[in-house]
Novice: 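The structure under discussion is supplied below as structure tokens; questions concerning it will follow.
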Amino acid sequence: MNTQKLPHIVILGAGFGGLTAAKKLRHAPVQITLIDRQNYHLFQPLLYQVAIAGLIPAQVAYPVRTIFRGQKNLTFQMGEVNEVDFESRYIKMNGSVIAYDYLILAAGGQTNFFGIESVKQNAFFIKDIQSAIATRNHLLSQFERASREADPDKRRAILTFVIIGGGPTGVEIAGALAELISHVMGKEYPELDVREARVLLLEAGNALIASYPDGLRKATLRLLQKKNVEVMFNAKLTGYNGRKVSLADGSQIETNTLIWTAGVKVAELVETLGVERAGSGRVRIDPALQLPGHPGVYVIGDAAYLEDENGRPLPMLSTVAIQQGNSAADNIRRAVRGQAQKPFQYKDPGLLATIGRNAAVARIGGLSFSGFIAWLIWVALHIYRIIGFRNRLLVLINWAWDYFFYDNQVRLITRE
Ligand SMILES: Cc1cc2nc3c(=O)[nH]c(=O)nc-3n(C[C@H](O)[C@H](O)[C@H](O)COP(=O)(O)OP(=O)(O)OC[C@H]3O[C@@H](n4cnc5c(N)ncnc54)[C@H](O)[C@@H]3O)c2cc1C
């Protein structure tokens, strides 16, 4: 095959959007270069399980080269892209220049601390494997510390875990952490009274998972409270010095642990592109997912800002990134054939969030579920969506073990 004449597609990012686009172009008459700073695709929706000692990183990540082993029209390059020149149509990766005919920018997002420097310095967050492992090490270490702490006040601060942000991630972590404490740590630390431990979920607004219907929000609150999570509404954080959380009403909470889940913004690279951006710093795109004024440059997933027919921004979710990956790939095929571009239309598959064992909330096909049925849907869907048969099997075995033996198996403190 003479690849010289084939249009060159550069896909920046092997996350949900980039990976989907690359797969969709498998049989297209194009040459693809897929670039990522990591050599693996990360299944971020299950990262919190790494943080709460439920799964190991290899079960939520998969090597990109393995995924594309059989795809002849694709080359993978691992590296950091630090410049995009839309006029001359090239990107720069680790100093080398890579020219493109079409570009799919799928660089994702990063944690947004909203400029609160003390939180950035002292809080834990869950965005990549490193941050999830750091959180796990810290959480587990607190029980070791508490077990040798004789001063009850200090012990209470060590065993107080504060999670900021009542969105799906905050809810998932709070529920899972409360269970880790009550189901596992109680057995593991007979010298500790784990009833001293507190899990606090702080939300600046007056509702959990605000984008969900009212019934599911209430169900979420009920399910969390049943697991002894203390939920505080209208609790606006102003700072955290590593020992005390300060709130806007002047109150303080003594804690060694703050987990920040309250914000996402675009990836660093996107902030340097000099293009028009909107909410969370996302790049404004046209309905066909292209950068205005730059046909052939598609921005998708968390990096992109597009509104639905009601004027609401599409959420920063894997479902959006996946559908946009498919759509961008289809539009590139059309462009290569000289056909008109097709606008993107998001098909909302519903909402789903877990709150721990036997507990989840779901809104699918106009129907709301909560409790065990929603949890079963969550388990089945996540097993189905993880990449690789081996990972699916291992996660299933892990979860079955945890379920029947009330255990979280990955309780290794690898570095504090
Ligand atoms: C803890 C957590 C839980 C979540 N839970 C859910 C959930 O339950 N359901 C859901 O739908 N969504 C969830 N999300 C959101 C979902 O993960 C994102 O919406 C989705 O990953 C966006 O896909 P993307 O392709 O735009 O970006 P990503 O999947 O983030 O991929 C971006 C890729 O670009 C690479 N990259 C970035 N910059 C560069 C650069 N300069 N050079 C080279 N490579 C670069 C990154 O390494 C990364 O691999 C969750 C996210 C997090 C963090």
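None of the values given here were measured: they were computed from a predicted structure.
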Novice: Please check if any side-chain donor atom of Thr319 sits under 3.5 Å from a side-chain acceptor atom of Tyr346, or the reverse.
Specialist: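 Result is yes, a qualifying pair exists.
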Novice: Tell me the closest heavy-atom pair linking Leu269 and Leu12, and the distance in Å.
Specialist: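 Scanning both residues completely, I find the closest heavy atoms to be CD2-CD1, 3.5 Å.
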Novice: Assign the ring pair Phe161 / Phe143 to parallel, tilted or perpendicular, where the plane angle (0 to 90°) is split at 30° and 60°.
Specialist: parallel
Novice: Hey, are the side chains of Val361 and Thr220 touching, using non-hydrogen atoms and a 4.5 Å cut-off?
Specialist: yes
Novice: May I ask you to say whether Asp302 pairs ionically with Arg282, meaning some side-chain N is under 4.0 Å from a carboxylate O?
Specialist: no
Novice: Check Glu188 with Arg411, please: is the shortest side-chain N to carboxylate O separation under 4.0 Å?
Specialist: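 A salt bridge is present here (some side-chain N lies under 4.0 Å from a carboxylate O).
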Novice: If you round to the nearest 0.5 Å, how far is CG of Leu19 from OH of Tyr62?
Specialist: 11.5 Å
Novice: Go through the steps to decide whether Glu230 and Arg198 satisfy the test salt bridge (Lys or Arg N to Asp or Glu O under 4.0 Å), and finish with yes or no.
Specialist: CA-CA 8 Å; Glu230 298 170 45; Arg198 296 170 74 200; 2.7 Å; yes
Novice: Salt-bridged, Arg156 to Glu196, with N to O below 4.0 Å?
Specialist: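 Looking at Arg156 and Glu196, the cut-off is not met.
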Novice: Do we get Arg357 above Tyr403's six-membered ring, with its NZ or CZ under 6.0 Å from the centre and within 45° of the axis?
Specialist: yes
Novice: Using a strict 4.0 Å threshold on nitrogen-to-oxygen distance, state whether Asp214 and Lys218 make a salt bridge.
Specialist: yes
Novice: Do the side chains of Leu289 and Gln341 get nearer than 4.5 Å, heavy atoms only?
Specialist: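 No. Closest side-chain heavy atoms not under 4.5 Å.
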Novice: Sort out for me which residue in Ile163, Leu201, Thr135 forms a side-chain contact (heavy atoms from CB on, under 4.5 Å) with Ile173.
Specialist: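 That would be Ile163; it is the only one of Ile163, Leu201, Thr135 passing the side-chain contact (heavy atoms from CB on, under 4.5 Å) with Ile173.
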Novice: Atom CG of residue position Leu393 - does it have more than 12 heavy atoms of other residues, nucleotides or ligands inside 6.0 Å?
Specialist: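 Yes, CG of Leu393 has more than 12 neighbouring heavy atoms, counting only those of other groups under 6.0 Å.
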Novice: Might you confirm whether atom CD of Glu309 has over 12 heavy atoms from other residues, nucleotides or ligands at distances under 6.0 Å?
Specialist: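 More than 12 heavy atoms, drawn from other residues, nucleotides or ligands, come within 6.0 Å of this atom.
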Novice: Could you tell me whether a side-chain N or O of Ser88 sits under 3.5 Å from a main-chain N or O of Tyr90, the two making a donor and an acceptor?
Specialist: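 Not a single qualifying donor-acceptor pair exists.
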Novice: Tell me whether Glu149 is salt-bridged to Arg155, with the criterion being a basic N under 4.0 Å from an acidic carboxylate O.
Specialist: no
Novice: Quick check: are there more than 12 heavy atoms from other residues, nucleotides or ligands sitting under 6.0 Å from NZ of Lys127?
Specialist: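 Yes, enclosed.
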Novice: Are the charged groups of Lys154 and Glu254 less than 4.0 angstrom apart, N to O?
Specialist: no
Novice: Stepwise, does the side-chain hydrogen bond (donor to acceptor under 3.5 Å, both in side chains) test hold for Gln142 with Asn256?
Specialist: CA-CA 8 Å; Gln142 297 318 296; Asn256 278 12; 3.3 Å; yes
Novice: Dump the intermediate steps for side-chain hydrogen bond (donor to acceptor under 3.5 Å, both in side chains) on Arg385 and Ser318, then the final yes or no.
Specialist: CA-CA 11 Å; Arg385 287 185 63 205; Ser318 62; 2.7 Å; yes
